[in-house]
Amino acid sequence: MNALNDLDACGQSVWIDFLKRSFVEGGELRMRMERDSLRGATSNPSIFEKAIGESNEYDAGLKAVQSQGDHSISEIYEALAIEDIRNAADVLRPIYDRTQGRDGFISLECSPYVANDTEATMAEALHLWRAVARPNLMVKVPATEAGLPAIRALIAQGINVNITLLFSVDVYERVADAYMAGLEDLLRAGGDVSKVASVASFFVSRIDTAVDKLLDGAKNEGALRLKGKTAIANAKVAYAVFKSLVAGARWRRLADAGAKVQRLLWASTSTKNAAYKDTIYVEELIGRDTVNTLPPATLDAFRDHGVVTPDAIERDLPQAQADLAALADYGVSLDEVTQALTEEGVRLFADSFDKLLAAIAQRRLGLIDGPQPSFAFGMNSCDAQRRYEEELERWRKDGNVRRLWAGDASLWSGADESQWLGWLRIVDAELERVSELEDFAAQVKRLGCSDALLLGMGGSSLAPEVMAETFGPQPGWPKLHVLDSTDPAQIEATERALDIDKTLVIVSSKSGGTLEPNILFDYFFDRIATSRGRDRAGERFIAVTDRGSSLERRAREAGFARVFFGDASIGGRYSALSRFGLVPAAAMGLDVRRLLVNAKIMMRSCGPDAPPAQNPGVRLGVAIGVATRWRARDKVTIIASPAFGAIAAWLEQLFAESTGKQGKGLIPIADEPLAAVERYGQDRFFVYIELEGRADMRQQQLVEALGRAGHPVARVLVRDVGNLGQEFFRFEIATVVAGAVLGVNAFDQPDVEASKANTRALTEEYEKSHRLPDQEPLFSENGLALYSDGEYGAKLGRHNTLTGYLRRHLAQADALRGDYFALLAYLERNEAHIRALNELRALIHERTLSASCLGFGPRFQHSTGQAYKGGPNSGVFLQITCHEAKDIAVPGHAYSFGVVEAAQARGDFDAMVERGRRALRVHLKDAQTGLADLYGAVEAALR
Ligand SMILES: O=C(CO)[C@@H](O)[C@H](O)[C@H](O)[C@H](O)COP(=O)(O)O
Ligand SMILES: O=C[C@H](O)COP(=O)(O)O
């Protein structure tokens, strides 16, 4: 016999406040049940954190879970915890049976993340109850404002509840009321109340810790005499309340129906102050119909030298009441203390849970079968690193990853952001219906097409283009061409590359109203109708659009072979893993199922349960956001291994359109020719995407040198091109996180519409007058002309040469102030032009040290154009337009593609001017010699 055995005879059940796999499997729980009269056990997030997070006892279990396929971090946690809980429940079951459900319980706590959400608490409790599936489980629900209604509802469903984090007697009365109300509900519904059990867990020692501190602060003899008395006095008062409740008529009625009393359970009973006896919170709290849950060390201490006084809890109640009342004399408000302790209790459990999930996240990564996400990172400056870590910690404390996944708009600007988060879960949705895409692929294959032509802009074209370029044409499948231009030469070149009679056309537009895909649809419909006839041309067309759009209507009228619908809650640039990316992927013969399964690995890694420091998307986004917000390193320079380099065009849109607004944002610098390390200014942040085994030596050396020079470099190691889907997801998360750090709405594009409206006005005008309004050049020479608006033109002054103007314009870009230079070319986007324009970029970067961008119009208007107009006013723009040697008519309109392109250039220019941007337009008589002349003039200007 030992002192613990005597407690049982005093009407108090001893439970153990501890759990660990080896503790149950190794037989210690059973041994303590026999030796120490242990009647139950409790667990909490801190206990699991210690068990799982700080030992390797669970490695085999974790491996076993992951060997059945990749799981999310919380799925892994649950699998491990539930197994432990079930095992403990099974060991304790004989006590439960013997005591007719009074004892023999094991407790499992709801996630602390839902402690302030009634609905979520109820759902979680129900889920745990069902998952554990043992009658001797108690689900732990906190005694928070949100927890209280959940208690009643759960009891009413016959679920055993342990109400935890209880500090205040007032709150206890509400807990007891919730219990009785729940039983009454159950009775009314015809349920069996005798099967339900509940304990109300009063936290003891923490009250003394908190109150003693305040009493010390009072520096008064009387105050000091109260030290170490509050917790026990509070428990005594609670016990008196309990006794009066069970003596009342309301309880009698329930007891007569077979209900079990809700016992008070003393928790937090290890002594925290070494000056107090190590068994104080056991000896003083002995009472009938109570439970004391003790950590192993307190249990052992009590067995060793505990003193058992029956009904100790009932002694000296008036003194206890007087002690509590006296607290006010020394400025201590017990209500405030208990309220603060409840909040702190939730926070501490959340901290433990964060740690636990972080440990699991780390181990999961090591166990992912196949290509896994990898991310190395260096802010490369102590100060920036500190900021980054502080921000990550803020994200953890504020639960921002969960807020993001829950669609909390206040994370961004508090506008309609919650309506634009469909992409977070699209991978699952698409996986569920992936067979539709597989059937579609089979249908495409049967058609025997040699080419697929995608007509779309920005979010509707860039991801398919990245996939086409990254994976290349698939043998036996159509080659995908993307046409996102109104440039007549480019349309002609694209058409030349196709076998028009064996082409499947994909018209892709979320809104359905975008000008470019609509007029290109008209054009290619006519072309295909020429050989197939108007009636059958539609068979070679499919559309991807949102339900109810004008494109859907047009597609139906034209007899399209299929219409696929996008998700209304996914904006264009976040649509890569939705139908907008997957339909073209299927058409070009890619394994969409594999792409999605692979992307899901990243989705889990970036999930709501992945703490910020272990979350590859959040880390990247926080790093970029911090560097931009506090260090003005807003030129996010993308350097990617050539075999994976196509992603840069998609990333540009994602970064720029999502963040470039209200004068803030990221300016993506993509495909910039590499320069010597000292040519890069303090306004840069580098994202280096390395394809494992295919790294480019020059890039690698530069990136290393940039790191040594103190630039922040995020290095994303892509193990395989097949991981493209993962990177889509990671960068989407990173972008919205960066947007949150900057405080912008990451889902709108307020300045894109302005160019479109200007263009619309110009084309409508053209329809009537058959001409675009005249413009007076600032200067012209050899068929090359310069245009600007009055104000900026005046700023440039009057010059006799092109060089003179360019010198003044280029001098605007002050690298030290973080200005960048952008070439916006309305030309055919072909290799020769890209090369020539990149040479120009390299020259400007080399001489001015300003970061440089290149965009082709109108393509960039649906991408980086948002940041150029709405982002920081640090851009200096040179728009390049060119006389079209050959134009193409747009069926059914007076305007041609050449006119549309010219109107788009003008419309965008005007929108830039309206926003006070520094912009100059140079009009070339022809691209080839014009670009060479321009290079010469820029070189002379910068000499
Ligand atoms: O299950 C319960 C209460 O029902 C316990 O596990 C309870 O959470 C613990 O006793 C406390 O968290 C321990 O508190 P403390 O000793 O760290 O102050
Ligand atoms: O990025 C989006 C583009 O502006 C195209 O929009 P859309 O898909 O509605 O045609």
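Atoms within each ligand, like the ligands themselves, are counted from 1 in listed order.
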Could you tell me which atoms of ligand 1, counted from 1 in the order shown, lie closer than 4.0 angstrom to a heavy atom of [X]?
X: Asn44; result: 5 (C), 6 (O), 7 (C), 8 (O), 9 (C), 11 (C), 12 (O)
X: Lys272; result: 15 (P), 16 (O), 18 (O)
X: Thr42; result: 1 (O), 2 (C), 6 (O)
X: Lys140; result: 1 (O), 2 (C), 3 (C), 4 (O), 5 (C), 6 (O), 8 (O)

Self-check item: Check: Thr269 N/O within less than 3.5 Å of ligand 1 N/O
Solution: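 Between Thr269 and ligand 1, no N or O pair is found under 3.5 Å apart.
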Quiz item: Under 3.5 Å between some N or O of ligand 1 and some N or O of Ser201?
Solution: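 Ser201 vs ligand 1: N/O contact under 3.5 Å present.
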Distance from [atom] to nearest protein heavy atom, with residue and atom:
atom: atom 6 (O) of ligand 1; value: Asp17 OD1, 2.5 Å
atom: atom 17 (O) of ligand 1; value: Arg206 NH2, 3.4 Å
atom: atom 11 (C) of ligand 1; value: Phe203 CE2, 3.5 Å
atom: atom 13 (C) of ligand 1; value: Ser268 CA, 3.8 Å

Tabulation required: pairs of a nitrogen or oxygen in ligand 2 and a protein nitrogen or oxygen under 3.5 Å; columns are atom names and distance to 0.1 Å; otherwise 'none'.
from, atom 1, to, atom 2, distance (Å)
ligand 2, 1 (O), Gly459, N, 2.7
ligand 2, 1 (O), Gln653, NE2, 2.9
ligand 2, 4 (O), His862, ND1, 2.7
ligand 2, 8 (O), Ser460, OG, 2.5
ligand 2, 8 (O), Lys510, N, 2.7
ligand 2, 9 (O), Lys510, N, 3.4
ligand 2, 9 (O), Ser511, N, 2.7
ligand 2, 9 (O), Ser511, OG, 2.6
ligand 2, 9 (O), Thr514, OG1, 3.4
ligand 2, 10 (O), Ser509, OG, 2.6
ligand 2, 10 (O), Thr514, OG1, 2.5

Exercise. Please examine the side chains of Asn234 and Phe202, heavy atoms only from C-beta on, and report whether any two atoms are closer than 4.5 Å.
Key: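 When only atoms from C-beta onward are counted, Asn234 and Phe202 do touch, with a gap below 4.5 Å.
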Quiz item: Looking at side-chain heavy atoms only, is the closest gap between Asp103 and Tyr96 below 4.5 Å?
Solution: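 Not touching, per the 4.5 Å side-chain cut-off.
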If we count only N and O atoms by modelled type, under 3.5 Å, do the side chains of [X] and [Y] hold a donor and an acceptor together?
X: His862; Y: Glu516; value: yes
X: Asp487; Y: Ser485; value: no
X: Ser461; Y: Glu465; value: no

Self-check item: SB check Asp748 Lys661 (cutoff 4.0 Å)
Solution: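 The answer is yes: the pair qualifies as a salt bridge.
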Quiz item: Salt bridge or not for Asp84 and Arg21, using N-O below 4.0 Å?
Solution: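 Answer for the salt bridge query: yes.
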Quiz item: Backbone, side chain, both or neither: what part of Phe349 comes under 4.0 angstrom of ligand 1, heavy atoms only?
Solution: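 The side chain, only.
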Practice problem: Is it possible for you to check whether Arg547 lies under 6.0 Å from the centre of the six-membered ring of Phe565, through NZ or CZ, and within 45° of that ring's axis? | Solution: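 Yes, Arg547 and Phe565 form such a contact.
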Quiz item: Parallel, tilted or perpendicular: which describes the rings of Phe203 and Phe349, with under 30° parallel and over 60° perpendicular?
Solution: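 Answer is perpendicular, since the angle exceeds 60°.
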Exercise. Give me the ring orientation class for Trp15 and Phe105: parallel if the planes are under 30° apart, tilted from 30 to 60°, perpendicular past 60°.
Key: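 Because their plane-to-plane angle lies in the 30° to 60° range, the rings of Trp15 and Phe105 count as tilted.
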Quiz prompt | Qualifying residues under side-chain contact (heavy atoms from CB on, under 4.5 Å), relative to Ala143, sequence neighbours excluded | solution =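 Per chain and number, Ala143 pairs via side-chain contact (heavy atoms from CB on, under 4.5 Å) with Ile163, Leu166, Val171, Val175.
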Exercise. Decide if the gap between the ring center of Phe353 and the ring center of Tyr113 is smaller than 6.0 angstrom.
Key: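 Yes, the ring of Phe353 comes within the 6.0 Å limit of the ring of Tyr113, centre to centre.
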Quiz item: Quick one: does Ser270 get within less than 4.0 Å of ligand 1, heavy atoms only?
Solution: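 Within the 4.0 Å threshold, so yes.
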